[in-house]
Each structure stands twice: as structure tokens, then as C-alpha cells.
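For clarity, every value in this text was computed on a predicted model and none was experimentally measured. Chain letters run A, B, ... following the sequence lines, proteins first and then strands; every chain starts at 1.
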Amino acid sequence: MSQESASAANFIRNQLRDELESGQGASIVTRFPPEPNGFLHVGHAKSICLNFGLAEQFGGVCHLRFDDTNPEKEEQVYIDAIKEDIQWLGFEWGGDARFASDYFDTLYEWAQHLVREGKAYVDDLNAEQMREYRGTLTEPGKPSPHRERSVEENLDLLDRMRKGEFAEGEKSLRAKIDMAAPNINLRDPVLYRIRHARHHQTGDAWKIYPSYDFTHGQSDALEGVTHSICTLEFEDHRPLYEWFLANLPVPNTPRQIEFARLNLNYTVTSKRKLKLLVDQNIVDGWDDPRMPTISGMRRRGYTPASIRKFCDMIGVARAASVVDIHMLYHAIRSDLEDNAPRAMCVMKPLKVVLTNWDADREEVFEVPGHPARDDMGMRKLPMTKTLWIDQDDFMEEPPKKFFRLAPGKEVRLRNTYIIRCDEVIKNDAGDVVELHCSVDYDTLGKNPEDRKVKGVIHWVSETHGVPIEVRNYDNLFQVESPDKDKDIDFLEHLNPDSLEICQAIGEPALAEARAEDRFQFERVGYFCADRYALDEGKRVFNRTVSLKDGWAKAQKKG
RNA sequence: UGGGGUAUAGCCAAGUGGUAAGGCACCGGUUUCUGGUACCGGCAUUCCCAGGUUCGAGUCCUGGUACCCCAGCCA
């Protein structure tokens, strides 16, 4: 029941609840039907959360079924990746994954059934001719010259198509519905096309493959799916979906319900475009942390809970919409705020020498792993005479209200003492290369009574800090809607600064981080130890999302 | 003057005839050894527009307008 309170109402959830309450069905079966021709992205996550979430909430089941009717575009690697992503998100499909190709035999029998009923025929028109015969949006189509072949001839031709006697594109099996239908999907849609391609599941068993329309609803029916939830672009296919169910001896009649697909600003959610980014090496694979793929988000540091929360926040409706990326940022920040241990890490090091600290003195502070989570224990923070602080935390000529270090000014080193900047050391080029500061030893765990020191900055001991590579990721695109303008290639909107690599220095505890450990680097952001880097002997942290930066915001306002 | 959909704040989204939820973003303030978090407050006299019905309309009716999807042997 916690599921129910955690999930916002939406029209599909309401509909199922009403149906169940009024006794129109005893239980529900949903399905998530990806085509294994690419990796799953955040839009699929919405569908996954919806389908699996509904099944979970109403005590039903959700099948994972690969919609694998186009062998030329599909691959086993995608199947494996899709399964892993769904499991990582925290969902189970119960039993084995299913494949539309499991039903190829039945589908073929049903095609023959349609032929025998005079409701399907083998056509000789090629693709181009078929387009001409189909008519346009405003003009009706006209019947193919082969539309009235006899049942016997159709059966024979279909059998020979299956045996591979014809070349690809030479023939196709079509439903005989209505060439003048205002809904173009009803103008004798193709049921089977010839493809002399090896299929990743069925090998060389078939020379013909069923179309989506001829496969999807029947697969739903064969699996006992009660609610076939899909995106809006399939709405026009619903009459066809229902036509097959009505004209075939199917064991039950699932209902198709459509909802609006997810669009997110500053990114693209189109498998075709994502594949292009991968194929052109614009990103480092499908799971590049900048990709909106589930595996990319995982590598970036998103948690399964944060993605599920996001899907819950955005809701489910039928209006086309574009969700603000801040919703996603909010979802991950709120998870990590509660659950990520804290650490200090200096991105762009600036040397600080404590002038009133003995050269060989070392003091180790025990500080909380998380300010509000005792269960996260304590960590050790060694302090020495020479430290690193972030370059951004020092300004030689600071503006008003700059609460960090500046000549003659004081700041607290997080978890330790207040220091004052007494001297600024520059190199020949005039760059600040070192700060000489003095420690006020009477400020540990308390504030001075005669003055207010508002600033707190993070730091790392020079002798104990561990070098780490930090990859700061930003939006892949620099405009809100990269694919809005049809005349401009979306690649032109690529953000040249989507990745910034820093040779940073982290506190000692970070040396122990294991793959996918997440931290808040205090005052900076949330970071995730890269899944793969450790195997390569490198210590790499990916920035999941920055902390909100009130100072930067104030600066911008002037 | 093809068909199918959708319009509620900058964004997402509840709402199904009884007087506009919630979240994000944004703007103030309080607290704070993270300019973070937390907390408090602000943010639609009005629901695409115009008429109509009704004691009462975001919800019903009529007529418009805008936007999205469809002419793959892709899904």
C-alpha cells in the first residue's frame, strides 16, 4: 500500500482501479515490450515504471517481451543490456523473458487463417507501387491488382514466401480491409514481409517476418495480457489492433491504452538519435554518463530510486509535454542528500601553508560520515601544515559578501579551525600559487565571540590527499529543444563543454571507494565512483549532479 | 471541407457541476561549521478563445483557434 501512496494518480491507474473495483476483471497482466535494437532510455523508464508499477500495485504481473520482428536491426547485446537495466531499476518480470518470436508459428497459422477467410492476400506490388496505391492523407487508395487472388493461390504463394522462393520485397502478405479507409493503417496493412535475414532467436528458420501490427496484439492475447499500454503514436493503430483480435481465434482480448511519451529538455529521447551519437563516437558508448539511457544514468550516478521517483513526479497523461530536466536533478539530489556519505574533494587545488603549524605536526579529526545519519559512522580527517583548498574559494579582490578566503580575511576549514589569510604568493606570471595562513587554535568546535566568520570551505591535506580524476558532466545539448527545428541538425546544438575533466585531490577515505559508491563532495556536488575505471587501475568519479549554488545565482543577479 | 488526439502557472500535473491539489522552477525570510539541507512565506480572481445552459461551469452544450501524431515491406 505504500506503493499506492507513493504513486500519483493518473488516468490509467484510475481506470484499472475502477475496473477491478467494479469486478470487470479479477487481475491484471501488463507487459513492457522493447525492441532489442538499442539501449533503454529515460523514456522507457517511464513506461517500465508504469507497466511494472501497475502490476505491482494491483497484484498482477508484468511480462518482459522483446518485440523482435525485425532481425536486421536487432542484436543479442541489446537484449542483455535491456534485461540488466530493468533489473537494476528494481523490477522483476517473473519467469523467463518472452519474445514475440516465440509466437512465430502461431502467427503464421493465423495468417493462413486470415487467408482462408478471404481476409488476407499475397501482393506482388513493390514498396514504391504500394505507396502509390495507398493514396494520401486526403485521397483514398485504390485496390492492388492482386487483391482478389483465390484462397488456394494465396495459400500457395504464402507457403512459398515462407520457404524463401521469392526475393526480398518481391511479395508481401496483406490484410484485406479497406483501401479507402480514412485511417491509413486500415488500407490493407502488410502482415508479412520477406527478409532473408538470420534472426537472433530463431536463426534461419524463417524467410518471412511478421509486422508489428500483426504481432503485437496477438502476442498480448497469447500471453493473457489484459492491458496493453503504449505511447500515443500507436493510437491510430488501435482499430487495427482490435481488427486482428476480432478476426482471429485469440484466447482473450487485451485492451490498448495510450499515454504521452516522455520528452526531456536539453536532451534527446529518440533511439535513432542516440544510436547516431554512439555510432559517430560523439559519446563514449550507449552508457556514456551524458546519455539519457538507463545505463548512462547509472554510470553517471543516478540511483534506481531516483529514477523511479522522477517517473512518479512527472505523472502519466495524454498531453504531449516536455519535462524540465530540473525535475530529474531534484529527484537525484533528494535521494543522495539523504543517502550519500560526505567527503571533501578539491577540484582545482591551491596550496595553503599554515604558518603557525609545526612542520611535522599531524592532527586527525573524527568527523561524521553524514551530518544527519549516525548509522554512517565517522571518518578520519588528517590535517597537516600544507593543505589544498579550491581555487574558487580564494579571491584576491573579493566582491562584497564573498564569505571565503581573501587577503586578511578569515574562513573556517570545514570540520576544523578558522584560518586567516596573511600572505599571497604569486609566480612570475602574477598567478596566485600559494597562500600563507595562520590558524586560530581557539576555534575548534566553537565560534569566536568577538567576530563572525561566516565562510566554511573544504580542504585536503597535501600529504594525505589522494589524487583522483573527476569528470564533471553537463547537459549534452546547450539548447532546450535540440530536435525542435527540422532544418537544423540536432548535432549542431551539442554542448562543447559537456565534459570537464579535473585532476582533483580527495580526502583519504576516497581511496577506499569501490565501483558505484556515491558521495557528496561537500559544497560541490554528488559524485559516483565510475563502474569501470577501478578495473583499469584508475580512480575516477563522475559528477552526477552539482549541489545547488546560491552564490553563483546571486552573482548572476549582480 | 482525410483521420486520430491534446489544450489548467515558466515546466509537469490533479480536478468528472459546488467555488483552482501537489511537485519542479522562481522570489523572499529563518536556521546552519556544506552559499547545501531543513523550515516558514509568496507565486492561476482563473483553466486556449467566443457564445450558451445552470443558483453555480475548468468540468455540460455550440462554434472557433492552436499544437501533436499518421501516407515504412520500422516499432
Under 3.5 Å donor-acceptor pair, Asp236(A) side-chain atoms to G3(B) base atoms: yes
Please report, rounded to the nearest Å, how far the C1' atom of C69(B) is from the CG atom of Leu232(A). 7 Å
Arg342(A) (side chain) and U34(B) (base): donor-acceptor pair under 3.5 Å: yes
side-chain contact (heavy atoms from CB on, under 4.5 Å), that's the test. Do Lys171(A) and Arg160(A) meet it? Break it down for me. CA-CA 10 Å; Lys171(A) 287 190 169 21; Arg160(A) 289 166 61 195; over 6 Å; no
Under 4.0 angstrom, heavy atoms only, what part of the nucleic acid is Glu168(A) near: base, sugar-phosphate, or nothing? nothing
Phosphate OP1/OP2 of C74(B): any Arg195(A) side-chain N/O under 4.0 Å: yes
Single hit among Leu276(A), Leu274(A), Asn263(A) for side-chain contact (heavy atoms from CB on, under 4.5 Å) with Val268(A): Leu274(A)
For Arg238(A), answer base if it contacts any base atom (sugar-phosphate contacts may also be present), sugar-phosphate if it contacts only those atoms, and nothing otherwise; contact means non-hydrogen atoms under 4.0 Å. nothing
Cation-pi check, Lys271(A) to Phe39(A): give yes when NZ or CZ is under 6.0 Å from the six-membered ring centre and within 45° of the ring axis, no otherwise. no
Rounded to whole Å, the CE-C1' distance (Met327(A) to A13(B)) equals 8 Å
Please determine if a side-chain N or O atom of His458(A) lies less than 4.0 Å away from the OP1 or OP2 oxygen of U34(B). no
Which of the following nucleotides, G5(B), G35(B), A13(B), is nearest to the side chain of Arg318(A)? G5(B)
Here's a test of your reading of the structure: between Ala552(A) and Met313(A), which maps to the more 5' nucleotide of RNA chain B? Met313(A)
Are Phe234(A) and Tyr212(A) an aromatic pair by the rule of ring centers under 6.0 Å? yes
Have a look at Arg174(A) and say if it touches a base, only the backbone sugar-phosphate, or nothing, with a 4.0 Å heavy-atom cut-off. nothing
Using a heavy-atom cut-off of under 4.0 Å over every strand shown, decide if His237(A) touches base, sugar-phosphate, or nothing. base
For the rings on Phe527(A) and Phe519(A), is their centre-to-centre separation under 6.0 Å? no
What's the gap between G2(B) and C43(B) when it is taken at their C1' atoms, as a whole Å value? 44 Å
Do any side-chain nitrogens or oxygens of Arg193(A) fall under 4.0 Å of OP1 or OP2 in C74(B)? yes
Whole-Å distance, Asp335(A) CG to U37(B) P, equals 15 Å
With a non-hydrogen cut-off below 4.0 angstrom, is Ser321(A) in contact with a base, only sugar-phosphate, or nothing? sugar-phosphate
Expressed as a whole number of Å, how far does the C1' atom of G63(B) sit from that of C24(B)? 37 Å
Under 4.0 Å between any heavy atoms, over every strand shown, what does Asn70(A) touch: base, sugar-phosphate, or nothing? Just pick one. sugar-phosphate
In this structure, which one of Tyr192(A), Tyr121(A), Tyr108(A) forms a side-chain contact (heavy atoms from CB on, under 4.5 Å) with Leu173(A)? Tyr192(A)
One thing to verify: whether Asp390(A) and Arg404(A) come together as a salt bridge, which I'm taking to mean a side-chain N less than 4.0 angstrom from a carboxylate O. no
Roughly, in whole Å, what's the span from CZ in Phe310(A) to C1' in A25(B)? 14 Å
Can you tell me the distance, in whole Å, between the CG atom of Leu444(A) and the C1' atom of C33(B)? 11 Å
Spacing of the P atoms in U16(B) and A21(B) (rounded, Å): 13 Å
Classify the nucleic acid contact of Val524(A) as base, sugar-phosphate or nothing, counting any heavy atom under 4.0 Å across all strands shown. nothing
Glycosidic torsion of G5(B) (syn if within 90° of 0, anti otherwise) classifies it as anti
Fit a plane to each ring of Phe365(A) and Trp459(A), take the angle between them on a 0 to 90° scale, and name the class: parallel (under 30°), tilted (30 to 60°) or perpendicular (over 60°). perpendicular
Checking salt bridge (charged side-chain N to carboxylate O under 4.0 Å, His left out) for the pair Arg318(A)/Glu258(A): CA distance, chi angles, key distance, verdict? CA-CA 7 Å; Arg318(A) 287 174 62 89; Glu258(A) 310 86 13; 3.3 Å; yes
Under 4.0 Å, heavy atoms only, any strand: does Val453(A) hit a base, just the sugar-phosphate, or nothing? nothing
May I ask you to evaluate whether Lys548(A) reaches the phosphate of U37(B), defined as a side-chain N or O under 4.0 Å from OP1 or OP2? yes
What's Ala127(A) touching, base or sugar-phosphate or nothing? Going by heavy atoms closer than 4.0 Å. base
I'd like a table of atom pairs between the protein and nucleotides 27-32 of chain B - only N or O on both sides, under 3.5 Å - with the distance next to each one.
residue: G28(B); atom: OP1; partner: Lys557(A); partner atom: NZ; Å: 3.3

Using a 4.0 Å heavy-atom cut-off across all strands, classify Asp18(A) as base, sugar-phosphate, or nothing. nothing
Reckon Ser334(A) touches a base, only the sugar-phosphate, or nothing at all at heavy-atom distances under 4.0 Å? nothing
Classify Gly141(A) by what it touches in the nucleic acid, base, sugar-phosphate, or nothing, heavy-atom distance under 4.0 Å. nothing
Measure the distance from CG on Asp324(A) to P on G10(B) and round it to the nearest whole Å. 13 Å
Within the structure shown, what part of the strands sits under 4.0 Å from Leu125(A) by heavy-atom distance: base, sugar-phosphate, or nothing? base
Euclidean distance for C1', G58(B) against G18(B) (whole angstrom): 13 Å
Please state how far atom CG in Leu240(A) lies from atom P in C73(B), giving the value in whole angstrom units. 12 Å
So what does Arg134(A) hit on the nucleic acid, given a heavy-atom distance under 4.0 Å: a base, only sugar-phosphate, or nothing? sugar-phosphate
Give a yes or no on whether a salt bridge exists between Glu235(A) and Arg238(A), defined as a side-chain N under 4.0 angstrom from a carboxylate O. yes
Pairwise C1' distance, C27(B) and C55(B) [rounded to whole Å]: 40 Å
Please check the phosphate of C33(B) (OP1 and OP2 only) for any side-chain N or O of Thr443(A) closer than 4.0 Å. no
